[in-house]
2 protein chains.
Amino acid sequence: MAKKQQEEPKAERDVSTEEKILQAARKVFTQKGYAATRTRDIAAEAGINLALLNYYFRSKEKLFHQVMAENLQQFFGIIAPIISDEQTTLETKVKLIAEAYIDELGQHPDLPLFVLSEIRNDPEQFKTRIPIDRLLPGAALFRQLQERRPDIHPMQFIINMLGMCVFAFVARPVFLAAGLTTEEGFAAMMEERKRLIPGWVEAMLKA
Amino acid sequence: MAKKQQEEPKAERDVSTEEKILQAARKVFTQKGYAATRTRDIAAEAGINLALLNYYFRSKEKLFHQVMAENLQQFFGIIAPIISDEQTTLETKVKLIAEAYIDELGQHPDLPLFVLSEIRNDPEQFKTRIPIDRLLPGAALFRQLQERRPDIHPMQFIINMLGMCVFAFVARPVFLAAGLTTEEGFAAMMEERKRLIPGWVEAMLKA
DNA sequence: GTCTATAACCTGATAGAC
DNA sequence: GTCTATCAGGTTATAGAC
């Protein structure tokens with residue numbers, strides 16, 4: 001009976017203390033970054049005592065690495081299966097990437113700025129976790145781009161495609177701070193982007 | 001004579017202590033961000049004592065605001081005159097923006113990630129300094145995009161254009177950490193981008 | 001498991017000698 | 001102007017009661 005409770009804590013009405021801390025840590029770390037985050041903020045956000053954080057996770061750094069690993073997986077894991085798929089066409093991949101990325105980031109708008117900043121701050125932890133250097137150059141998408149446009153390095157197109165999906169989220173704080181748009185307006189704009197990106201990429205490939 | 005030395009300190013062989021601190025602060029703040037920066041790091045980088053930092057700039061925050069104001073001006077000031085120019089065509093603007101931005105960021109690769117992160121951390125300081133909400137919607141570029149493609153919001157194209165120039169620098173730490181490219185390779189890729197972007201934007205506008 | 005209290009350390013800032 | 005020494009406050013982490 002006690003075991004059953006442990007096995008499905010997330011499905012129950014009240015989550016475990018460990019999960020409460022983890023959820024709070026995800027929120028605070030991702031919003032403010034590692035250096036600006038105080039463990040007190042996480043404890044307060046989780047509604048628990050500061051000592052419990054160390055009881056469950058030993059240190060701020062250990063807790064951060066756990067959150068960071070999740071976020072890296074989320075940020076790079078979205079597209080990994082799509083770009084490696086040998087069955088789909090280039091056009092399909094573009095459509096799937098745009099939809100998957102914009103849907104995902106729409107729910108976690110501060111993920112890109114967080115992930116990219118923290119990789120800058122500590123490139124090593126990233127190096128060991130995500131083998132992009134082995135995934136990307138061998139991926140189906142890479143090869144398909146090379147076949148379509150042998151005169152231009154595939155990375156140029158990949159940067160453009162990812163930029164079309166991700167850059168708006170990186171610049172989102174600017175838009176909001178400047179009053180150029182609201183959170184709702186931004187979401188609507190990104191929805192329209194999902195429809196526009198495939199055509200833009202198609203045009204780019206012919207240019 | 002003493003006055004002359006003060007009037008042109010940068011032209012002399014040895015810069016003033018104040019300028020040494022400022023240069024060190026630019027470097028450390030921009031690389032690591034406000035929260036992760038220790039005033040001791042800046043002092044060490046400047047080759048001076050910690051107390052001198054407070055003697056010249058009163059506080060870490062005051063020094064940071066000075067660096068941040070410079071960086072904001074650099075990041076947004078590059079394109080401000082170009083997008084507002086009523087004399088140039090849309091095509092010319094695209095070419096000028098790509099060249100100006102990529103040249104500038106090539107010399108300050110960590111500027112975008114720094115500026116965007118710090119705006120996220122403290123939107124207010126940005127709000128008061130850069131009146132983007134008044135500049136952009138009234139700019140010539142904005143109107144020209146609207147005339148060319150009345151069916152698509154100009155902001156969609158502006159995001160793409162800026163993304164094409166800036167996103168690569170935001171993602172640069174990933175490329176370098178992953179070993180996908182070197183600093184020299186990255187610079188060469190961005191040089192090629194300057195040539196490619198005008199054609200891409202033209203194609204996008206017709207799509 | 002959870003809390004209070006506190007240790008141990010770090011960081012920004014200042015006092016005061018030179 | 002520049003330095004050494006130090007303070008005051010904040011932050012992570014732990015000890016120990018419950």
Side-chain angles (χ1 to χ4, degrees), chain A residues 1-10 12-29 31-68 118 121-122 125, chain B residues 1-10 12-29 31-68 118 121-122 125:
Chain A
M1 201 136 92
K3 202 179 174 196
K4 189 184 172 188
Q5 248 186 347
Q6 279 195 351
E7 275 173 357
E8 41 181 285
K10 289 168 195 170
E12 301 300 312
R13 179 167 295 271
D14 52 343
V15 295
S16 70
T17 299
E18 185 171 353
E19 183 58 28
K20 270 197 291 188
I21 297 173
L22 208 46
Q23 286 177 5
R26 283 190 199 105
K27 179 172 175 181
V28 180
F29 274 137
Q31 272 178 6
K32 315 213 297 181
Y34 177 78
T37 294
R38 307 289 98 117
T39 50
R40 281 171 169 77
D41 303 340
I42 298 176
E45 175 74 31
I48 52 96
N49 189 273
L50 175 57
L52 274 181
L53 192 150
N54 290 77
Y55 174 77
Y56 280 103
F57 295 94
R58 288 210 9 149
S59 74
K60 175 188 179 183
E61 206 181 352
K62 289 257 199 321
L63 176 55
F64 175 76
H65 281 320
Q66 194 153 330
V67 171
M68 186 65 181
E118 297 299 337
N121 294 346
D122 183 5
Q125 64 163 336
Chain B
M1 201 138 96
K3 203 179 173 194
K4 188 184 171 189
Q5 248 187 347
Q6 280 196 350
E7 274 172 356
E8 42 181 283
K10 290 166 194 172
E12 301 299 313
R13 178 166 296 273
D14 52 342
V15 294
S16 69
T17 300
E18 185 171 352
E19 183 58 28
K20 271 196 291 189
I21 297 173
L22 208 46
Q23 286 176 5
R26 283 191 199 104
K27 179 172 175 181
V28 181
F29 274 138
Q31 271 178 7
K32 317 211 297 179
Y34 177 79
T37 294
R38 308 289 100 118
T39 51
R40 280 168 171 78
D41 302 341
I42 298 176
E45 175 74 31
I48 53 94
N49 189 273
L50 174 59
L52 275 181
L53 192 148
N54 289 78
Y55 174 77
Y56 280 103
F57 295 94
R58 289 212 6 149
S59 75
K60 176 189 179 183
E61 207 181 351
K62 289 259 200 322
L63 176 55
F64 175 76
H65 281 320
Q66 194 153 330
V67 172
M68 185 66 182
E118 298 299 338
N121 294 345
D122 183 6
Q125 65 164 334

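Reckoned from all heavy atoms, side chains included, excluding hydrogens, waters and symmetry mates. Computed from a prediction, not measured in an experiment: that's the story for all the values here. Chain A is the first sequence line, chain B the second, and so forth, proteins listed ahead of strands; every chain is numbered from 1.
Partners of B:K27 by salt bridge (charged side-chain N to carboxylate O under 4.0 Å, His left out), not counting sequence neighbours, listed by chain and number: B:E45. Residues passing the side chain to side chain contact (heavy atoms under 4.5 Å, CB included) test with B:A35, sequence neighbours excluded: A:A35, A:A36. Residues satisfying the side-chain hydrogen bond (donor to acceptor under 3.5 Å, both in side chains) criterion with A:K20, sequence neighbours excluded, are absent altogether. Scored by the side-chain hydrogen bond (donor to acceptor under 3.5 Å, both in side chains) test, B:D41 finds B:K32 as partners (sequence neighbours excluded).
The rotation axes computed at either terminus of the helix from C:dG1-D:dC18 to C:dC18-D:dG1 lie 10° apart, taking five pairs at each end and rounding to 10 degrees.
Ring planes of A:F64 and A:F29: perpendicular class, angle over 60° (limits at 30 and 60°).
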Table of protein N/O atoms under 3.5 Å from nucleotides 15-18 of chain D N/O atoms:
none

I'd like a list of close polar pairs between nucleotides 8-11 of chain D and the protein, N/O only, cut-off under 3.5 Å.
| residue | atom | partner | partner atom | Å |
| --- | --- | --- | --- | --- |
| D:dT11 | OP1 | A:R38 | NH1 | 3.3 |

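In this structure, B:Q125 contributes its side chain and B:H65 its backbone to no donor-acceptor pair below 3.5 Å. A:E118 contributes a side-chain N or O that, together with a main-chain N or O of A:Y34, makes up a donor-acceptor pair within less than 3.5 Å.
Nucleic acid contact for A:Y55: base, since at least one base atom lies under 4.0 Å from a heavy atom of the residue. Using a 4.0 Å heavy-atom distance criterion, B:L53 is classed as making no nucleic acid contact.
DNA chain D is contacted by both B:L50 and A:L50; B:L50 maps to the nucleotide lying nearer its 5′ end (nearest heavy atom per residue).
Closest contact between the side chain of A:N54 and the listed nucleotides D:dT4, C:dC3, D:dT14 involves D:dT14.
Put simply, CG on B:L22 and CG on B:L63 are 6.5 Å apart, with the number rounded to the nearest 0.5 Å.
Contact annotation: A:S59 does not reach the phosphate of D:dT12 (side-chain N/O to OP1 or OP2, under 4.0 Å).
Here the P atom of nucleotide D:dA13 and the CD1 atom of A:I48 are 14 Å apart, to the nearest Å.
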Can you give each donor-acceptor pair under 3.5 Å made by side-chain atoms of residues 48-58 of chain B, sequence neighbours left out, with the distance rounded to 0.1 Å?
| residue | atom | partner | partner atom | Å |
| --- | --- | --- | --- | --- |
| B:N49 | OD1 | B:A51 | N | 2.8 |
| B:N54 | ND2 | B:R58 | O | 3.2 |

